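Below you'll find the structure, written out as structure tokens, and then a few comments.
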2 protein chains.
Amino acid sequence: MERQFDEELRALKEKLLRMAALAEESINYAVSGLMDRNEGLAHKVFEVEEQINRLDIEIDQKCFELLALKQPMARDLRLIVSADRIGRELERIGDQAVNIAQRALEILKFPALKPLIDLPRLAGLAQDMVRDSINAFVNRDDNLAREICKRDDEVDTLNNQIFRELLTYMMQDPRNIERAVDLILVGRHLERVADHSTNISEDVIYLVKGKSIKHHCETRDFSET
Amino acid sequence: MERQFDEELRALKEKLLRMAALAEESINYAVSGLMDRNEGLAHKVFEVEEQINRLDIEIDQKCFELLALKQPMARDLRLIVSADRIGRELERIGDQAVNIAQRALEILKFPALKPLIDLPRLAGLAQDMVRDSINAFVNRDDNLAREICKRDDEVDTLNNQIFRELLTYMMQDPRNIERAVDLILVGRHLERVADHSTNISEDVIYLVKGKSIKHHCETRDFSET
């Protein structure tokens, strides 16, 4: 009985790993579509999204089944609750990739505004955060999880820099405005991917430590409040 | 024993209701701060956020406790899993209010770009969705929940209209660009509030029907895929 339960937990973790790999792949397609000006790559995101959504429903059901039928205690219970939460974050990372792909398809209707340098860097940071947060989950590595939370600031800083640069393009020539706004939104979507990875990392810390560090992990700047 | 459990479930629901009321209040402060050009109102959002975060942690702990100690079955289990998920959505609605307040404080540094008409309408739609989705949860009203999911399209359409209008302001005069971009981002944050309410509505349908309708509720336009 117990071995069967362990087997089911292992299968659950594997589903999450697969979902994380798809989420990462999906961002990759979306950003490469934009960078290489390749609509086909952007369209692949919609295919991957369907696979992500199927896995999302499977994970939901599996978590509920394990909670209902096995009545797990303490450590296993935390694992299942975390898996449920992490599944939802990955699903939303997939949604962000869809948003980026949709933006990319808009952007590709017009000539390139500028060579994109910081945006792929931002995408790289966000993708690393997705991958590492899932590794932290699988290896129950709360130190890695804490480190990922800190990277969120780096992402925000780089995105702000991208934002400021694109503003200058808009100021220079109104014909740049639409494309620049679309690129700003791509930056925002990547920032959201990083946010979701931070949420996953917080879930990992909860899983390992049994305590929530939410609302402490982030070092937001509310200096005036 | 059973009555005590019912009592605890009731208390959990009440916490969620309080959290929802705070989330709504928070959006109200953020948007009113922007509309009335009142920094004090925008700053109130940061105070409310702390209350929301405290409730979020309390709900997390309560859900886990109920899962661990009471080993609930079927219907109660679904209620607790849903409460856990809905708490997380409300917490993020609070985060969006913080984002709007931060934008508002930026926007208030400069004279008003234009009279804001559609943005408060968008805010109203988003706030109604928050309130109604929690009512759907409390009353286990899956019909209301389904109806809320549909409203998400209305929000997207209105936000796109706002976006297009602000683009024209940017084209007219580069001095409008920064403020217009900030207003575009406020629109995006409100759209996210509506998304979170849609997620809550999906959770309500799961709670009532015992089946996930995720990825069907949304009628996204992937016409080319």
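In what follows, chains carry the letters A, B, and so on, assigned in the order in which the sequence lines appear, proteins first and then strands, with residues in each chain numbered from 1. Everything quoted here is computed from the prediction, not taken from an experiment.
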Contact class of [X] relative to chain B, heavy atoms under 4.5 angstrom:
X        : answer
A/Arg78  : both
A/Met170 : both
A/Asp84  : side chain

Got a second to check how far [X]'s [atom1] is from [Y]'s [atom2], nearest 0.5 Å?
X        : Y        : atom1 : atom2 : value
B/Ile177 : A/Ile177 : CD1   : CD1   : 4.0 Å
A/Arg85  : B/Arg85  : CZ    : CZ    : 10.5 Å
B/Asp195 : A/Asp95  : CG    : CG    : 8.5 Å

Does the side chain of [Y] come within less than 4.5 Å of [X]'s, by heavy atoms?
X        : Y        : value
A/Arg192 : B/Arg192 : yes
A/Glu178 : B/Met171 : yes
B/Leu185 : A/Phe163 : yes

CZ/B/Arg175: more than 12 non-hydrogen atoms of other groups inside 6.0 Å:
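Counting other residues, nucleotides and ligands, CZ of B/Arg175 stays at 12 neighbours or fewer.
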
Within a reach of under 6.0 Å around NZ of B/Lys209, are more than 12 heavy atoms found that belong to other residues, nucleotides or ligands?
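Counting other residues, nucleotides and ligands, NZ of B/Lys209 stays at 12 neighbours or fewer.
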
Between A/Leu67 and B/Val81, which heavy-atom pair has the shortest distance, and what is it?
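Distance-wise, the nearest heavy atoms are CD1-CG2, 3.7 Å.
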
Relative to chain A, which segment of B/Met73 carries a heavy atom at a distance below 4.5 Å: side chain, backbone, both, or neither?
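Answer is side chain: those atoms of B/Met73 sit under 4.5 Å from chain A.
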
Sequence-distant partners of B/Ala97, side chain to side chain contact (heavy atoms under 4.5 Å, CB included), two or more places apart
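Only B/Ser26, B/Ile27, B/Val45 meet the side chain to side chain contact (heavy atoms under 4.5 Å, CB included) criterion with B/Ala97.
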
Ion pair check, A/Arg92 and B/Glu89, cut-off under 4.0 Å:
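Between B/Glu89 and A/Arg92 there is a salt bridge, with a charged N closer than 4.0 Å to a carboxylate O.
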
